Amino acid sequence: SAARRLALLNPTQSVALLEAQQVGEGAHGRNAGFAIDLPHNNDHDPDNLQKGLRHIRLSRYGIGLLDDLVASHAIDCQWSRSGRYDCAVSPEISRRILGATAAELDALQEPYQILRAEALHERLGTRYYDCAIHTPGTRLMNPAALSRGLADSLPPNVHLFENSPVLEFEPGPMVAAILQRGVKITARRAILTNNAFIGRFGYFRRQLLPFVLFASLSRPLDGEERRRLGGTGDWGITPAHGIAGATLRYTQDGRILFRYGFQFAPELRCADSLRARMRQVHHALFKARFPMLGEVALEHFWAGFLSLSQNGAPGWGRLSDNVHVAVNCNGVGIARQTTAGALAAELACDTGHPLIADMMALGTPELLPRRPILDIGVRAYLAAQKWAGRSEK
């Protein structure tokens, strides 16, 4: 998003876009595929409606950009306007968390629908959930296909370098990115968009919290399996309890994506033993939700990193005269980071875009305690949250 906007604002200049892997292989292509338009996760603040409205403006701006790009470039990514189901497994979480969500949506004057029991089963096919709030504005998609389509449609003055991890970043009058084998790319300005890995370049140290999440994907269901599942087309579920619950997608090509597991990863590493354990957990929780699909296997499994801040603020803005940043998605990357990237380019070019004020008003990530005190505190908090939401597995 940042590269595209830089190129459009500076059509006679060259933009280098450096991607450590192939487009679609990183977290931008392996997430659950939600472009969420409403306050989500740390964005919820019923006592501050202006904050909620700010998040809505920023998210819907990004969704609008993506709506236009998918349509104008005919990006085949299963783009869907099916909305989102915020689901609770237990009546207690339905009352406490979904009740608060409904009150916040009322205050924001946003449309929603509450579904229970049989009505929810008719939509989703599973009887696992007690209650859900459906909101219509979220877009669903295959995020890898979206990422590849966006890369294929970049302006001609953007030069994409895949499989080009940046090993060092050198700020200065001319910024420099050091690649493998000592290759150096220099430029007059840079925008850093490497999310949880930004600390490797020396920025936002002791301000961001890296986590590892785990996802599985089934094979495509056959016709009989789709009939047994039922439901009303593709759908997306986010958990009412964001730490203890599971995120699910039923895709247009008949696959079920299952995301569950939330572990603190300060070293940006994930042990093989943890991967193996989480894969087994996914299979068990999948079977519990879809007993009618007993023979369907979760064929694919992977882990990926995201970052959060303690106060929910993004890592966004001007780091120096010629270095800007758009990182720390706080779990809402597709919509919000599309906006953050585009507005970082606007800020770098001093366009005075009106939404820059909204981005700045989100604040800066707070300073965190030093390790190991931080590790103890985060892990204790996660354990308490998982215990409080244990009914939502």
Side-chain angles (χ1 to χ4, degrees), residues 24 29-36 66-67 70-71 74-89 112-149 213-240 245-261 278-302 334 392-393:
R30 291 179 178 265
N31 58 76
F34 290 78
I36 297 174
L66 293 171
D67 276 338
V70 168
I75 298 175
D76 183 10
C77 63
Q78 301 181 30
W79 192 254
S80 170
R81 296 173 181 260
S82 296
R84 174 175 63 106
Y85 295 88
D86 206 24
C87 288
V89 176
Y112 66 92
Q113 184 179 13
I114 296 177
L115 297 117
R116 296 183 179 274
E118 195 59 32
L120 191 55
H121 168 247
E122 289 177 2
R123 295 278 190 96
L124 305 178
T126 176
R127 297 183 183 274
Y128 196 78
Y129 295 98
D130 172 71
C131 182
I133 290 178
H134 178 261
T135 50
T138 291
R139 306 293 194 265
L140 307 175
M141 83 295 299
N142 177 326
L146 173 64
S147 296
R148 290 192 293 267
L213 283 69
F214 306 90
S216 296
L217 185 67
S218 78
R219 62 165 171 79
L221 307 186
D222 63 29
E224 172 58 22
E225 291 162 345
R226 294 190 191 201
R227 186 195 65 77
R228 291 206 303 267
L229 175 62
T232 56
D234 67 316
W235 45 255
I237 292 172
T238 55
T247 299
L248 285 86
R249 284 279 316 284
Y250 181 50
T251 66
Q252 292 180 3
D253 60 347
R255 297 177 184 267
I256 295 177
L257 181 145
F258 192 90
R259 194 216 61 76
Y260 174 83
M278 292 309 305
R279 188 167 195 169
Q280 291 178 340
V281 170
H282 281 199
H283 280 280
L285 296 181
F286 177 82
K287 298 300 183 186
R289 285 165 170 77
F290 304 105
M292 76 293 288
L293 302 177
E295 69 279 18
V296 174
L298 292 171
E299 291 188 335
H300 306 281
F301 175 85
W302 64 93
I334 292 179
E392 298 303 294
K393 287 182 66 175

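Keep in mind that what you see is a predicted model, and the values were worked out from it rather than measured. In what follows, residues are counted from 1 in the order of the sequence shown.
By the side chain to side chain donor-acceptor pair (under 3.5 Å) test, Trp235 pairs with no residue at all, sequence neighbours left out. Scanning for salt bridge (Lys or Arg N to Asp or Glu O under 4.0 Å) contacts around Arg123 gives an empty result, with sequence neighbours left out. Glu122 meets the side chain to side chain contact (heavy atoms under 4.5 Å, CB included) test with Glu118; sequence neighbours excluded. With sequence neighbours left out, the salt bridge (Lys or Arg N to Asp or Glu O under 4.0 Å) criterion links Arg226 to no other residue. Glu299 is linked by a side chain to side chain donor-acceptor pair (under 3.5 Å) to nothing, counting only residues two or more places apart in sequence or in another chain. Every residue two or more places apart in sequence or in another chain that forms a side chain to side chain contact (heavy atoms under 4.5 Å, CB included) with Ala215 is listed here: Arg259, Trp302. By the side chain to side chain donor-acceptor pair (under 3.5 Å) test, Thr238 is found to be paired with Arg84, Asp86, residues two or more places apart in sequence or in another chain being considered. For Phe290, the ring-ring contact (aromatic ring centres under 6.0 Å, His included) criterion is met by Phe286, not counting sequence neighbours. Glu225 meets the side chain to side chain donor-acceptor pair (under 3.5 Å) test with Arg219; sequence neighbours excluded. Under the rule for a salt bridge (Lys or Arg N to Asp or Glu O under 4.0 Å), the partners of Arg228 that lie at least two apart in sequence or sit in another chain are Glu224, Glu295. Partners of Asp76 according to the salt bridge (Lys or Arg N to Asp or Glu O under 4.0 Å) rule, which considers only residues two or more places apart in sequence or in another chain, do not exist here.
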Under 3.5 Å, which donor-acceptor pairs do the side chains of residues 130-138 form with other protein atoms, sequence neighbours left out?
| from | atom 1 | to | atom 2 | distance (Å) |
| --- | --- | --- | --- | --- |
| Asp130 | OD2 | Ser94 | OG | 2.6 |
| His134 | NE2 | Ser82 | O | 2.9 |

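Distance CZ/Arg30 to OG/Ser147: 11.0 Å, rounded to 0.5 Å. Separation of atoms CG (Leu248) and CG (Leu257) is listed at 7.5 Å; rounding is to 0.5 Å. The distance from the OG1 atom of Thr232 to the CG atom of Leu124 is 7.5 Å, given to the nearest 0.5 Å.
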What's the verdict on side chain to side chain contact (heavy atoms under 4.5 Å, CB included) for Thr247 and Tyr260, showing C-alpha distance, side-chain angles and the deciding distance? CA-CA 6 Å; Thr247 299; Tyr260 174 83; over 6 Å; no
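In plain terms, the two heavy atoms of Gly33 and Arg249 that are nearest each other are O-NH1, 3.3 Å.
For the side-chain contact (heavy atoms from CB on, under 4.5 Å) criterion with Ser80, the lone passing option out of Met141, Arg139, Gln252 is Gln252.
Within the 4.5 Å cutoff, the side chain of Arg279 has no heavy atoms near those of the Leu298 side chain.
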